[in-house]
Amino acid sequence: MDRQSSQPTLQTIAVVGLGTMGTGIAEVLARAGREVIGIDISEAATQRAATALAAATARSVARERLTEQERADVLARFRAFTDLGAAAEADLVIEVVPESYEIKQQVFRELDAIVRPDAILATGTNALSVTRMAAESLRPERVLGLHFFNPAPAMKLVEIVSCVLTAPPAVEAVTDLARELGKEPVPVGDRPGFVADGLLFGYLNQAAAMYEARYASREDIDAAMRLGCGLPMGPLALLDLIGVDTARTVLEAMYASSGDRLHAPAPILGQLAAAGLTGQKSGRGFYTYEAPGSSVIVRDLQTPLDGSLVGTGRPVSSVGVAGSGTMASGIAQVFAQAGYSVVLAARSQEKAEAAKAAIGKSLGRAVSKGRLTEEGATQTLDRITPAGSLDAFSEVDLAVEAVAEDLAVKQELFATLDKVCKPGAVLATTTSSLPVIAVARVTSRPQDVIGMHFFNPAPAMKLVEVVRTVLTADDVHATVREICLKVRKHPVDCGDRAGFIVNALLFPYLNNAIKMVEQHYADIDQIDAAMKLGGGYPMGPFELLDVVGLDVSLAIEKVLHKEFRDPGLAPSPLLEHLVAAGCLGRKTGRGFREYAARR
């Protein structure tokens, strides 16, 4: 018997639970030509599902993606019931009822007595054990996980979860179905969170804990991750969308399995859930919404007032940038394009001239792409004066260092700035991981020192983390906030601790991805695909690690581990081994992947 004929044809599919996810899955199936049996104990839920399908297909007709006849065919393929007995004719049953063992097991027990012996039973869980549900079924070999992502019609990823009891033909059948639905199936084993949520929820939990510690505002945490990492939503807004109670349930299951403190739900999640503040669905979570079910955020007592910055900053007309690398050149370009006179100082005049030439090429590319006029590029370049010594900073109002990420190097530079720069000049470091206070303390004016962490490439990236130490003066903080806005960047405030906002949330996520590979749970291609397709990440974690550089990543992870002392933050041995072997990512031609040699 050939492979295709040995597998069931999954033509009639029952979806049990017609909430947002169940309704979305039903829509995907009906549009793909499957007969869909929608089941929910609530008559109101079945009606809402039918109404939602009608509205979604009407929008498709309006956008000329469906004809009226095709729409009528889709609607005719969906039938809704309140009795689980309607699943008797199904080839596949997908349950998406609330995330509770008791509820899901009750559904599976009833289905065992209803469906055909050859039917496949799939759970949509993202936190509970598929093995446990399969073991308690009369047909464990035909039970698996089928984890869609919300919104199901738009999201491409489907995680196919098999356990030790699952028969391969059942996995093959649902994998083929996922492809026929236009989805990207990723095979995973049975553990809480699987791949995408296993990485995503740890990150969300740390963001909640960061907010709970009052390290940064909810708006700044969310803006930092959107603008610094290119994510479609900030973590706290995403928790509100997912549901705070749902997130806590997933994390509880992950923590029970891993024992990793990074998965122990932040207390604020339990407090919000206990108060009924579960996010968008209740009208309030981390943010307050226009109404229950609305995604429109409204002002509340925690919303920062417009122009709420206390005090005014110091006048700044000239800027000094120390360094000759990509970051220094990019920052100098940003200030010059905004109209500031810029002194670009390097260790030699030749290096400074080369850095200015690199800026000229960058401006030339902007002109060729129509983002800048020839006149604008010329004026920008004319505002930059290259210098071979920091002595040229004697009259600047703001000095920004962008040299090597080495504390001793930065301290030496700031000791020199302290001698060279005029009184009242603001001194800023672009460090991404070192303590700003350690740099400030080598000067006689630590009140004038602040962190100003740009992201690479500086001309394109909108985010600047403004890092205030316990000694930074109010008017220095105000100065940097004002300047960020003048150079068209988005400033976010944070305190002087390892990783600031972005790296403190990003690198534990990257480290956890490496641990998945170490544990042979998934390979790098599966993990990258899962995070791009299921989490909306612009790059998968291993793509990003290879771009950032494995040595840079390891250094940041070591700093985080040293500061927070959490065993879960210990750098992965695999990362350490790759760095020791000189496999540093794209820059060496090999990291987690191999790359063609650059000419």
Side-chain angles (χ1 to χ4, degrees), residues 316-369 371-406 408-417 420-421 425-432 434 439 451-464 480 483-484 486-489 547-549 552 586-587 598:
V316 174
S317 60
S318 59
V319 178
V321 179
S324 58
T326 304
M327 181 59 84
S329 299
I331 293 171
Q333 179 180 330
V334 166
F335 281 112
Q337 277 188 262
Y340 289 96
S341 297
V342 178
V343 178
L344 179 56
R347 284 178 291 179
S348 68
Q349 188 67 33
E350 290 76 18
K351 283 183 176 294
E353 295 282 1
K356 181 175 178 177
I359 295 171
K361 291 180 181 178
S362 173
L363 293 168
R365 289 192 293 271
V367 171
S368 67
K369 294 175 181 176
R371 297 173 184 165
L372 189 65
T373 63
E374 287 277 7
E375 182 183 10
T378 300
Q379 290 174 345
T380 296
L381 207 55
D382 287 345
R383 293 189 191 105
I384 300 173
T385 302
S389 165
L390 291 176
D391 291 341
F393 283 10
S394 60
E395 294 302 316
V396 301
D397 303 306
L398 166 67
V400 181
E401 73 77 14
V403 298
E405 192 72 348
D406 181 296
V409 171
K410 289 183 187 291
Q411 287 177 323
E412 182 181 353
L413 186 146
F414 267 77
T416 302
L417 291 178
V420 168
C421 293
V426 174
L427 311 181
T429 172
T430 62
T431 181
S432 64
L434 301 173
V439 173
M452 199 173 182
H453 180 212
F454 287 80
F455 286 73
N456 207 14
M461 298 294 280
K462 292 293 185 185
L463 182 68
V464 175
V480 171
I483 286 173
C484 286
K486 287 177 182 175
V487 299
R488 303 178 71 178
K489 300 298 181 187
V547 168
V548 170
V552 173
R586 284 187 175 272
K587 59 189 174 186
R598 292 183 180 178

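Below, all heavy atoms of this structure are taken into account, side chains as well, without hydrogens, waters or symmetry copies.
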Student: Got a second to check how far F454's CZ is from L463's CG, nearest 0.5 Å?
Tutor: 10.0 Å

Student: Closest approach of A328 and S324, non-hydrogen atoms and distance?
Tutor: CB-N, 3.8 Å

Student: Donor-acceptor check, side chain of S362 to backbone of A358, threshold 3.5 angstrom: yes or no?
Tutor: no

Student: Out of curiosity, Q411 CD to D406 CG, how far, rounded to the nearest 0.5 Å?
Tutor: 9.0 Å

Student: Give the minimum heavy-atom separation between A322 and L413, together with the two atoms involved.
Tutor: CB-CD1, 4.0 Å

Student: Just verifying a value: how many Å separate Q379 CD and D382 CG, rounded to the nearest 0.5 Å?
Tutor: 8.0 Å

Student: To check you understand the geometry: which heavy-atom pair defines the closest contact between V367 and A377, and what is its length?
Tutor: CG2-CB, 3.7 Å

Student: Using only atom types and a distance under 3.5 Å, with no angle test, would you say the side chain of K489 pairs donor to acceptor with the backbone of V334?
Tutor: no

Student: Test L390 against L417 for side-chain contact (heavy atoms from CB on, under 4.5 Å), laying out the working first.
Tutor: CA-CA 7 Å; L390 291 176; L417 291 178; 4.2 Å; yes

Student: To the nearest 0.5 Å, what is the distance between NZ (K356) and CD1 (I384)?
Tutor: 6.5 Å

Student: Testing the basics here: between N456 and M327, what is the closest heavy-atom pair and its distance to 0.1 Å?
Tutor: N-CE, 3.7 Å

Student: Report, as yes or no, whether the 6.0 Å neighbourhood of atom CD on E412 holds more than 12 heavy atoms from other residues, nucleotides or ligands.
Tutor: no

Student: Report the C-alpha distance between L372 and L363 in whole Å, list the side-chain angles of each, state the deciding distance to 0.1 Å, and finish with yes or no for side-chain contact (heavy atoms from CB on, under 4.5 Å).
Tutor: CA-CA 8 Å; L372 189 65; L363 293 168; 3.6 Å; yes

Student: Can you give each donor-acceptor pair under 3.5 Å made by side-chain atoms of residues 392-403, sequence neighbours left out, with the distance rounded to 0.1 Å?
Tutor:
| from | atom 1 | to | atom 2 | distance (Å) |
| --- | --- | --- | --- | --- |
| D397 | OD1 | K422 | NZ | 2.7 |
| D397 | OD2 | S317 | N | 2.8 |
| D397 | OD2 | S317 | OG | 3.1 |
| D397 | OD2 | S318 | N | 3.1 |
| D397 | OD2 | S318 | OG | 3.4 |
| E401 | OE1 | V403 | N | 2.9 |
| E401 | OE1 | K410 | NZ | 3.0 |
| E401 | OE2 | K410 | NZ | 2.8 |
| E401 | OE2 | T429 | OG1 | 2.4 |
| E401 | OE2 | T430 | N | 3.4 |

Student: Going by the rule side chain to side chain contact (heavy atoms under 4.5 Å, CB included), which residues pair with V480 if we only count those two or more places apart in sequence or in a different chain?
Tutor: V426, I450, M452, V466, C484

Student: Measure the shortest side-chain to side-chain distance between T431 and E405 over non-hydrogen atoms and say whether it is less than 4.5 angstrom.
Tutor: yes

Student: Looking at A458 and G330, what are the two nearest heavy atoms and their distance?
Tutor: CB-C, 3.7 Å

Student: For residues 336-348, run the donor-acceptor check on the side chains, cut-off 3.5 Å, and write out each pair with its distance to 0.1 Å, sequence neighbours left out.
Tutor:
| from | atom 1 | to | atom 2 | distance (Å) |
| --- | --- | --- | --- | --- |
| Q337 | OE1 | Q333 | NE2 | 3.0 |
| S348 | OG | K351 | N | 3.1 |

